[in-house]
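Predicted model, so just to flag it, every value in this text is computed and none were measured. Scope of the values below: all heavy atoms of this structure, side chains included, with no hydrogens, waters or symmetry mates.
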Amino acid sequence: MADKKLELVTLTERQQKARRNRSIAIGIALAALVIIFYAATIVRFGHSGASITGSGLLGGG
Amino acid sequence: MALAEDGLMEEAGFRMSEATAGDFFALLKPRVMSLVVFTAFVGLVAAPVAINPLLAMIAILAIAIGAGASGALNMWYDADIDAVMTRTAGRPVPAGRVTPGEALSFGLVLSVLSVMTLGVLVNWLSASLLAFTIFFYAVIYTMWLKRWTPQNIVIGGAAGAFPPVIGWAAVTGSVSLESVILFLIIFLWTPPHFWALALFKSDDYARAGIPMMPNVAGQASTRRQIFAYALILAPVGVLPWALGYTTAGYGVVSAVLGAGFVWYAWKVLAMADDDRAMKPAKALFGYSLLYLFAIFAAYLVDCVVGRALMMGGV
C-alpha cells in the first residue's frame with residue numbers, strides 16, 4: 001500500500017455541490033434528532049414525576 | 001478532495017455521488033408518505049385517550065419515516081423493473097442519481113431509526129407494528145408477492161393499511177376493533193385503486209413482467225373484481241357509524257362517498273372491451289384517492305367535533 005503511487009481526485013463542481021447539500025441535510029437531521037430526544041425525555045420524565053422507573057424510557061412502559 | 005489509488009476506485013466501479021438530499025427524499029415516496037401520515041394521524045386522534053402533543057408528533061414522524069424507509073427499500077429492490085416502466089423510470093435509482101447500495105443503506109438505517117425512536121419514546125407495541133409493516137412491504141410484498149401473483153396488491157395492501165392501527169396503538173398501547181375497521185377500509189380500498197391504475201397502465205406492467213390482474217386474468221375479469229371490491233368497501237366504510245363509534249354525520253358522508261365509489265366502479269364495469277382511452281378507469285383512480293382522504297377526513301372531523309361537544313356538555 002505504502003509504495004503505491006497516490007493521486008488526488010478532484011471533485012467536479014456538481015459533486016461538490018451535491019456533497020455539500022447532503023452534508024447540510026445530515027446536519028439538520030442530526031440536530032432535529034437531538035432536539036426530539038431531549039424534548040421527549042423532558043416530557044416523559046415530567047409525566048412520571050420523581051419515579052423514573054415509571055417511565056417507558058427505562059422499560060416501565 | 002478525495003484520495004484514490006492509481007484509479008483503483010474507478011476500476012472497482014466507484015464514483016463520487018452526485019445525489020442531492022432531494023434525491024434521497026424522493027426515495028421515501030413522499031406522496032405515499034402523505035397518505036400514511038394522514039391515516040396514522042386519524043388513528044391517533046380517534047383513540048379514546050389523550051397523548052402528549054409532542055409524543056404524538058414524534059409518533060407521526062416515526063411512522064412517516066418508517067413508511068418512507070420501506071419505500072426506499074422497495075426502490076432499491078425494484079430498480080430493474082422501475083427502469084422499464086414510464087411511470088417509474090425517473091425515480092432516483094433507475095435514473096442513476098442514487099446507487100442501489102446508497103438506497104439500500106438509506107432504507108435500512110431509516111427503518112432501524114424509526115422503529116427504535118417509536119419504541120423508546122412512545123411504546124413498543126406501535127414500534128413492533130411499524131417494524132412488521134416495513135418488513136411486510138419490503139420483503140413480503142416487494143421481494144415476493146409483487147413478481148409472483150396477481151393477488152400481489154390484495155395481500156400487499158395490508159402494509160398500507162397498518163398506519164391508522166399504529167397511530168391508535170401509539171396512544172392506547174393496544175389494538176381495538178375500531179382501529180381494525182380503519183385498517184379494513186384501506187385494505188379493501190387498495191385493490192380497486194391499483195387495478196384501476198393497472199388497467200390503463202397494463203402495457204407498462206406487461207413490459208416489466210409484473211403479473212398485475214389485467215395482464216393475468218384479463219381486463220374483463222379485473223373490471224368485475226373492481227366492482228366486487230367496491231360493493232364490499234362501501235358498507236365497510238359506513239361500519240364505524242353502524243357500530244356506534246361515530247355520529248350519523250359520518251354515516252351520511254361515508255354512505256355518499258361509498259355510493260360514489262360504486263358508481264365509478266360501475267362505469268369501469270360497463271367500459272367497452274376496446275376502450276383504449278379508459279376514461280372510466282382513470283376517473284375511478286382519481287376518485288379513489290379522493291374517497292380515502294375524504295372518508296378519513298370525515299372520521300377525523302367527527303371525532304374532534306364529537307369530543308368538543310362532549311366537553312361542552314352538549
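For B/A56, the side-chain contact (heavy atoms from CB on, under 4.5 Å) partners are B/L44, B/I51, not counting sequence neighbours.
Annotation: maximal heavy-atom pairing with chain A below 4.5 Å, among B/N123, B/L113, B/L61, B/T117, occurs at B/T117.
For the pair B/R91 and B/D78, the salt-bridge criterion is not met [side-chain N within less than 4.0 Å of a carboxylate O].
Only the side chain of A/T12 comes within contact range of chain B, judged by heavy atoms closer than 4.5 Å. Neither the backbone nor the side chain of B/F25 has a heavy atom closer than 4.5 Å to any heavy atom of chain A. Only the side chain of A/L33 comes within contact range of chain B, with heavy atoms under 4.5 Å apart.
Between B/F187 and B/F183, the ring-plane angle classifies as parallel under the 30° and 60° cut-offs. In this pair, B/Y141 and B/Y137 present their aromatic rings parallel. The plane angle is below 30°, not in the 30 to 60° band.
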